[in-house]
Amino acid sequence: MIDTETDGPIPGDYSMICFGAMIVSETLDKIFYGRLKPISDKYLPEVLAISGFTREQTLEFDEPTKVMDDFKNWIVNNCKDRPMLISDNNGFDAMFISWYFHHFLGDNPFGHSSQNLGSLYKGLIKDMFQNFKHLRKTSHTHNPVDDVRGNVEALLTMKEEFGLKIKI
């Protein structure tokens with residue numbers, strides 16, 4: 001499970017500021033958190049504000065190549081099978097993660113696909129107008145570690161309440 005915070009709408013022109021990842025498991029204990037130095041002079045103050053960081057703080061964050069390399073190593077060390085990227089907004093989160101992996105490391109360990117947690121829930125309950133967010137136990141704070149934890153909790157609830165088949 002992945003959650004990203006950024007300073008704009010698209011990678012390349014704007015920067016991924018931080019992200020959280022968690023291996024889906026009952027223990028909720030395999031967590032990665034990365035904070036990345038901006039890659040561009042462009043940023044939207046109102047978007048950056050969502051992350052809770054100032055531009056000055058982000059300029060002190062780690063180099064993106066180091067963070068993405070650390071993340072790749074974390075994935076390799078924690079995933080038994082081929083890793084699958086799941087997010088509550090995979091069109092956004094996967095776009096940033098994929099761009100950063102390809103741009104800084106030349107490869108994306110998740111490949112070219114991702115899964116959307118909201119779409120999964122809509123299919124389980126057969127209603128395109130419902131969302132899963134009430135299944136989170138941890139509040140959605142825009143701290144990516146909190147947000148990813150809440151999304152894993154929601155996925156585990158889908159497993160328990162709806163019999164969703166997942167490997168954990």
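- Listed by chain and number, the residues in a ring pair (Phe, Tyr, Trp, His ring centres under 6.0 Å) with Phe104 are Tyr100 (sequence neighbours excluded).
- A search for ring pair (Phe, Tyr, Trp, His ring centres under 6.0 Å) contacts involving Phe19 returns Phe32, Phe71, not counting sequence neighbours.
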Side-chain polar contacts of residues 157-168 - donor-acceptor pairs under 3.5 angstrom, sequence neighbours left out - could you list them?
unit_1: Thr157; atom_1: OG1; unit_2: Glu153; atom_2: O; d: 3.0
unit_1: Lys167; atom_1: NZ; unit_2: Asp81; atom_2: OD2; d: 3.2

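- Within the 4.5 Å cutoff, the side chain of Glu5 has no heavy atoms near those of the Phe96 side chain.
- Here the side chains of Leu28 and Arg149 are in contact, with some heavy-atom distance below 4.5 Å.
- Pairs passing the side chain to side chain donor-acceptor pair (under 3.5 Å) check and including a residue from residues 21-31, sequence neighbours excluded, read Ser25-Thr27, Thr27-Asp29.
- Screening Asn116, Asn151, Asp93 for a side-chain hydrogen bond (donor to acceptor under 3.5 Å, both in side chains) involving Ser87 leaves a single residue, Asp93.
- Leu117 places a side-chain heavy atom less than 4.5 Å from the side chain of Met1.
- Annotation for Met84: atom CE does not count as buried by contact number, only 12 or fewer foreign heavy atoms lying within 6.0 Å.
- Take Tyr33 and apply the ring pair (Phe, Tyr, Trp, His ring centres under 6.0 Å) test, not counting sequence neighbours, and it matches no residue.
- Annotation: ring pair (Phe, Tyr, Trp, His ring centres under 6.0 Å) contacts of Phe61 (sequence neighbours excluded): Phe53.
- In this view, Lys37 and Glu63 satisfy the salt bridge (Lys or Arg N to Asp or Glu O under 4.0 Å) rule, not counting sequence neighbours.
- For Asp127, there are no salt bridge (Lys or Arg N to Asp or Glu O under 4.0 Å) partners two or more places apart in sequence or in a different chain.
- Applying the salt bridge (Lys or Arg N to Asp or Glu O under 4.0 Å) rule to Asp88 yields the partners Arg136; only residues at least two apart in sequence or on another chain are considered.
- Through chains of ILVMFWY side-chain contacts below 4.5 Å, Met128 is grouped with Phe129.
- Side-chain atoms of Cys79 and Ile23, non-hydrogen and from C-beta on, do get closer than 4.5 Å to each other.
- Side-chain contact between Phe110 and Ile97 is present, with at least one heavy-atom pair separated by less than 4.5 Å.
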Under 3.5 Å, which donor-acceptor pairs do the side chains of residues 6-18 form with other protein atoms, sequence neighbours left out?
unit_1: Thr6; atom_1: OG1; unit_2: Gly8; atom_2: N; d: 3.4
unit_1: Thr6; atom_1: OG1; unit_2: Gly8; atom_2: O; d: 2.7
unit_1: Asp7; atom_1: OD1; unit_2: Ser15; atom_2: N; d: 2.7
unit_1: Asp7; atom_1: OD2; unit_2: Arg55; atom_2: NH1; d: 3.3
unit_1: Ser15; atom_1: OG; unit_2: Ile39; atom_2: N; d: 2.8

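- In terms of the salt bridge (Lys or Arg N to Asp or Glu O under 4.0 Å) criterion, residue partners of Lys66 (sequence neighbours excluded) are, by chain and number, Asp70.
- Taking 4.5 Å as the limit, some side-chain heavy atom of Leu120 sits within range of a side-chain heavy atom of Leu155.
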